[in-house]
Amino acid sequence: MIGLYSALLVPFDEEGNILESGLRQIIRQNIEEQKIDGLYVNGSSGENFLMNTTQKKKVFEIVKDEVGNEITLIAQVGAIDLNESIELGKYATELGYDALSAVTPFYYPFSFEEIKYYYNAIIEATGNDMIIYSIPALTGVNLSIQQFEELFENEKVIGIKYTAADFFLLERIRKAFPDKLILSGFDEMLIQAAVSGVDGAIGSTYNINGQRARQIFNLAKEGKIQEAYKIQHETNDIIEQVLALGIYPTLKAVLSTKGIEAGAVKRPLAPLDDASLEKVKELVSKYNL
Ligand code: NGF
């Protein structure tokens with residue numbers, strides 16, 4: 001399960017329906033152009049939390065159908081409705097997804113016992129491996145090293161998707177659990193994560209910038225830090241502009257300039273205006289995206 005994963009983007013029409021042919025095109029360019037090792041399906045970048053259950057299942061189905069066994073597939077099934085998580089987890093497992101991942105339950109201030117119950121319930125119902133999706137900035141859930149240890153007591157919890165900038169905690173987790181999988185989540189901090197010993201990474205920008213991410217990761221792992229930083233700096237020039245314009249519509253607009261049917265973002269997320277679309281074209285040409 002080590003490697004670089006794109007957090008798969010999902011194209012929608014103006015009414016919020018999934019564009020199946022566009023989704024297949026995005027998958028193919030991730031494999032053929034970005035050369036990624038796997039896809040993280042129905043995460044934040046897939047606008048998962050804006051979709052209904054039927055749409056989430058549809059995405060799982062299309063992705064597996066398009067990918068087959070070419071690359072590794074992780075299904076994000078987390079939801080605050082545990083029954084939905086279980087239903088999605090069973091569905092993705094039956095489709096043949098390599099592992100599940102679930103965001104820590106959010107909105108209500110769940111106790112750690114409740115969070116643990118949630119993970120163990122999904123694992124028990126599906127029998128699949130689980131990667132904890134920790135993203136404190138969006139969920140408000142900050143798990144401590146002791147809490148990770150308790151979650152890891154279930155051997156089906158194989159690792160963490162670590163989307164945080166706390167490199168002290170990351171170092172502590174790496175040292176304490178050398179055999180657990182750690183996939184880092186912030187593309188703009190890939191070099192720091194690689195040096196900290198992560199096994200790979202999952203990112204939204206790898207949909208358009210996967211090859212630079214690969215160079216950063218490999219160079220950092222080989223100890224060629226200055227060379228890795230050169231590419232991280234260039235990458236962060238791109239990410240800075242993408243974030244300023246609005247991450248998901250901008251990533252889709254970049255794909256659209258390449259003739260991919262990347263569609264719109266799902267409302268209430270807002271589309272880009274004409275001035276922003278012009279800036280996207282400049283970005284694509286300047287960085288050869
Ligand atoms: O989009 C977010 C939200 N984070 C992603 C990634 O960690 C999670 C990250 O790539 C993800 O994409 C998913 O679950 O689908 C950022 O977009 C990127 O580093 C720019 O900040 O924080």
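Values in this document were obtained by computation on a predicted structure and should not be read as measured data. Every number for a ligand or one of its atoms is a count from 1 in the order of the listing. Because only heavy atoms are used, hydrogens play no part in the values below, and waters and symmetry mates are left out as well, while side chains stay in.
For the pair Val77/Tyr91, no side-chain contact is recorded, criterion being any heavy-atom separation below 4.5 Å from C-beta on. Counting heavy atoms from C-beta outward, Lys175 and Arg172 have side chains that approach closer than 4.5 Å.
The shortest contact between atom 13 (C) of ligand 1 and any protein heavy atom is with Ser44 N, 3.2 Å. What sits closest to atom 9 (C) of ligand 1 on the protein, heavy atoms only, is Gly185 O, 3.2 Å. Scanning all protein heavy atoms for the shortest distance to atom 21 (O) of ligand 1 gives Glu188 OE2, 2.7 Å. Annotation: atom 1 (O) of ligand 1 to nearest protein heavy atom, Tyr248 OH, 2.8 Å. Ser204 OG, 2.7 Å is the protein heavy atom nearest to atom 17 (O) of ligand 1. For atom 14 (O) of ligand 1, the closest non-hydrogen atom on the protein side is Tyr133 OH, 2.7 Å.
No N or O atom of Ile135 sits closer than 3.5 Å to an N or O atom of ligand 1. When only interatomic distances are considered, the shortest N/O to N/O separation between Thr205 and ligand 1 does not fall below 3.5 Å. Between Ser45 and ligand 1, at least one N/O pair is under 3.5 Å apart.
Listed by atom number, the atoms of ligand 1 under 4.0 Å from Ala7 heavy atoms are 11 (C), 12 (O), 13 (C), 15 (O). Close contacts between ligand 1 and Phe186 involve ligand atoms 19 (O) [criterion: under 4.0 Å to a heavy atom]. Near Ile247, meaning under 4.0 Å from one of its heavy atoms, ligand 1 places the atoms 17 (O), 20 (C). Listed by number with element, the atoms of ligand 1 under 4.0 Å from a non-hydrogen atom of Thr163 are 7 (O). Residue-ligand proximity, Asp187 to ligand 1, at heavy-atom distances under 4.0 Å covers atoms 9 (C), 10 (O), 18 (C), 19 (O). Annotation for ligand 1: atoms under 4.0 Å from non-hydrogen atoms of Gly43 are 13 (C), 14 (O), 15 (O). Of all atoms in ligand 1, numbered sequentially from 1 with element shown, those under 4.0 Å from a heavy atom of Gly203 are 10 (O).
Looking only at distances, a side-chain donor or acceptor of Thr139 sits under 3.5 Å from a matching main-chain atom of Val141.
With sequence neighbours left out, Asp166 forms a salt bridge (Lys or Arg N to Asp or Glu O under 4.0 Å) with no residue at all.
Judged purely by distance below 3.5 Å, without hydrogens or angles, the side chains of Lys161 and Thr163 pair a donor atom with an acceptor atom.
Under 4.0 Å from ligand 1, not a single heavy atom of Asn48 appears.
Partner of Thr104 under the side chain to side chain contact (heavy atoms under 4.5 Å, CB included) criterion, out of Phe112, Tyr118, Tyr119: Tyr119 alone.
A salt bridge between Glu33 and Lys258 is present, with a side-chain N of the basic residue lying under 4.0 Å from a carboxylate O of the acidic one. A salt bridge is defined here as a Lys NZ or Arg NE, NH1 or NH2 lying under 4.0 Å from an Asp or Glu carboxylate O, and Arg28 with Glu32 meets this definition. Between Lys281 and Glu278, at least one side-chain nitrogen of the basic residue sits less than 4.0 Å from a carboxylate oxygen of the acidic one, meeting the salt-bridge criterion.
Residue Asn52 places its CG atom among more than 12 non-hydrogen atoms of other residues, nucleotides or ligands, all under 6.0 Å distant.
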Enumerate donor-acceptor pairs with a distance under 3.5 Å from any side-chain N or O in residues 181-196 to protein atoms, sequence neighbours excluded.
| from | atom 1 | to | atom 2 | distance (Å) |
| --- | --- | --- | --- | --- |
| Asp187 | OD2 | Ser204 | N | 3.3 |
| Asp187 | OD2 | Thr205 | N | 2.9 |
| Asp187 | OD2 | Thr205 | OG1 | 2.5 |
| Gln192 | NE2 | Tyr229 | OH | 3.1 |
| Ser196 | OG | Gln192 | O | 2.7 |

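At least one heavy atom of Lys161 sits less than 4.0 Å from an atom of ligand 1.
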